[in-house]
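Report on one structure; see the data block that follows.
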Amino acid sequence: MTFADILLPVAVPRPFTYAVPDGAAISPGMRVRVPLGKSKICEGIVLELHRTPPTSKNGPKTIFEILDTQPFVRPEQLRLWEWIAAYYLCTPGETMKAALPAGIRNGSYRPSAQLHVRLAPDYRSSAKIAELLENIRRAKTQCKALLAYLSFLPCAPDGEPQLAPDDPAALWVPRSDITEDIPATAILRLVERGILEQQEIIPSAHDGHPSSPPVPELPADTPPYAAQITAAFAGHATVLLSGEIADTRNTALSVYISLAAQEIARGRQTLLLLPDTVLTARITNALQAAFGPRCLFYHSRLTDRARSAAYQRMIEQPGSVGLVVGTRSALFLPFRQLGLVIVDNEHDPNYRQNDPAPRYHARDTALVLASLHGAKTLLASPTPSAESWLNAAGNGKYGAVSIPAATGDILPEVTILERGKGLLSTYLRKRIGRTLDQGRQVVLFQNRRGFAPYVECANCGATPTCPHCNVTLTYHKETSALVCHYCGWSRPYSSTCTSCGMHALVPRGIGTERIEECAAELFPDTKIARMDTDTARNAGAVGRILTDLVEGETGILVGTRMVARTAQAGDRIGLVGVINADNMLAHPDFRAAERAFQLLMQLKTLLPADGSGELVVQSSQRLHPALVAVANHDTAGFYARELEERQGLLYPPYVRMLRLTFRHPDKTQTTAAAQACEALLRERFGRRVSPPFEPQVDRVQNLFILHLLLRIERQRPVARAKTILLEILARIRKRFPAVHIIAEADPQ
DNA sequence: AGCACGCCGACT
DNA sequence: GTCGGCGTGCTC
Ligand SMILES: [Zn+2]
Ligand SMILES: [Zn+2]
């Protein structure tokens, strides 16, 4: 009797063992369908075959179906999953869930023949669709059904659905996918009208995928720094590329293209990780142009189907993929002959996944992925993370290539001053006016969206808070609502105070909406645009904002963090104003100074290289080291000081942090569990354990939250600490089963 | 983590 | 009488 250890996308501590049907062709890495529990059927991955029966209560169950004839998950992937689960303190099943696109590991059972629908041939163009939507406007549900169908189509790199793919079979979408929130009758009507076609299709494990693309032309010229990086790789597996990386000059991009082309020429794959999808159209377009069909895009904005198709292409035609461009989830694709991993803007906090598990850092995971494949890693950022800076400049673990300023470049002027009473200091207001008069553009940065972070009653002093969270409600003027930024709860705005009934609520503090309004009053003839998560919902909206900026349409661009990455060749930005740097610096997080420095330095890159631009920072902490370093353009000095401080205060990168989070609707329960855990941890870890402490917002969605921190010195075995931690955690969970506890490594 | 089973308050 | 709240325990 043969048994198979099967990894299931379920949060159980270890794989389950099933019996293999006699004579079945099965090997590790294949997908199988297995019974789980009373009546569920689940898809899992074969890890290992052996002859030891499981120790479960009611004997072994038998595998239902083997879905593959060749491994679907490569051994390097399984080893990466294992590393993530162990390092980031989650189960292998949770990692598997994150790693395989939903369309593939979709836990539910699908009947063998399924109704599919697709667009009829007459309507396969965006013009036809637009016309059609106009014609059936009256039938609202049918419109919705059609839009729902379109949302399931694989996307072209520009984010629009591909209406006329080379293979029309790619247009088939399972009807049940659409009917999840659309009545089936609406789809039936569309079929009757001849807009959609309907057919029963038997899904095979490996269905429609694009055929092998032709070999692309390689770019002939090598940019100046690519050779330096290649040389640095001779002595180091990892190289940090930093210095004057200017988006407007495509400095990094030309290096990426050249290095990827080298790898492709040697028959190896490259993975390029980007921090997000919104501001990367420029990069993806250039890569598409350079590598054509050898370039594969993979990110969370793709539909499940498109993600599955990408995965299957990598498995079945690895030779057709030279460069994978994607967000952090692209780490989990089935690479073969991976030669190089590039992490663009490696300091970006988006690389950290915070929820759900696995709570991993894509930059650090990328290094492990590369080492599993014997590949090289290029970390690139004009403002590296403190961790990477230490490894490159401090201890020499990484090779380092720094791009110097181009000859003739003059650094922009930096002015730091008090804001004063109003929103804009007189100085900043005058500078904005002068910049606009010169026909140049202004960027205003503020790290808060909405109109005002809180409102206050002028009569009684009361401030409305979220009923579910311990946090003030943010006033959004555009939607006339008070919104909780932690749980999303909102109510319509009214200036009547709920405490005293007076008509006396006034907005307090500064959000991007208020800056936009204020700028519009001061400069009525200037077109003002705002870019934050409220206005930059999708790639289209971002594209419009960027186009308006580069075409000179926009005079003033107001926004949050994302404005720092809007640099484009052709814009005429002459001034960047930071409305209030204090709230960045006051953030209760040991990374606050680092984050502020990185952001301000990046804002500076929006300014022209001829020295004619100016960065104005409004802050009451004019002597703050981060601000001084920005003013002096002193990156090395900033990191030296910052690292020294971290070493003294026992913060990363000199210690590894493990964090526990306790959550329960009853505060006494949260406290009891955290204190009991602290006591047990203290027995083993002594002073390395922090007392329980409240996060800045100590109640979210009616759950009271407490944290515990454990600091492990770099040189000590962190794996052993984690084992002990998990043992203690198991005991605490038994004693406080209702308290929700999560453990994280390297919390951000 | 899901998800079934199970045991007590407010509705037809 | 039933619908449904979420506490508890299991999944090879
Ligand atoms: Zn009041
Ligand atoms: Zn809330």
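Side chains included, hydrogens not; waters and symmetry mates left out as well; all remaining heavy atoms used. Residue numbering restarts at 1 for every chain, and letters A, B, ... go by the order of the sequence lines.
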Throw together a table of side-chain donor-acceptor distances under 3.5 angstrom for residues 718-727 of chain A, partners on residues two or more places apart or in other chains.
unit_1 : atom_1 : unit_2 : atom_2 : d
A/K722 : NZ     : A/Y87  : O      : 2.8
A/T723 : OG1    : A/A719 : O      : 2.9

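Between A/L36 atom CG and B/dC3 atom C1' there is a gap of 10 Å when expressed in whole angstrom units. Rounded to an integer number of Å, the gap from CG of A/N58 to C1' of C/dT11 is 10 Å. Nucleotide C/dT11 holds its P atom 20 Å from the CE atom of A/M96, rounded to whole Å. Whole-Å rounding puts the A/R733 CZ to B/dA1 C1' distance at 11 Å. Between the P atom of C/dC6 and the CG atom of A/N702 lies a distance of 12 Å, rounded to the nearest Å. Taking atom CG of A/D666 as the reference point, atom C1' of C/dG7 lies 15 Å away to the nearest angstrom. Per the geometry, CZ belonging to A/R14 stands 17 Å off P belonging to B/dA1, to the nearest Å. Between the CG atom of A/L8 and the P atom of B/dG2 there is a distance of 13 Å, given to the nearest Å.
Considering only residues two or more places apart in sequence or on other chains, A/F704 meets the ring pair (Phe, Tyr, Trp, His ring centres under 6.0 Å) condition with none of them.
Both A/K38 and A/V10 lie near DNA chain B, and the one whose nearest nucleotide falls closer to the 5' end is A/V10.
Because its NZ or CZ atom is not both nearer than 6.0 Å to the ring centre of A/Y351 and within 45° of the ring axis, A/R363 does not count as a cation-pi partner of that residue.
Panel note: side chain A/H299, backbone A/R301; a donor-acceptor pair is recorded below 3.5 Å.
Looking at heavy-atom distances under 4.0 Å, A/P35 makes contact with sugar-phosphate atoms alone, never a base.
When each of C/dT11, B/dA1, C/dC12 is scored by its nearest atom to the side-chain atoms of A/Y18, the top-ranked nucleotide is C/dC12. Nearest to the side chain of A/K57, among B/dA1, C/dC12, C/dC10, sits C/dC10.
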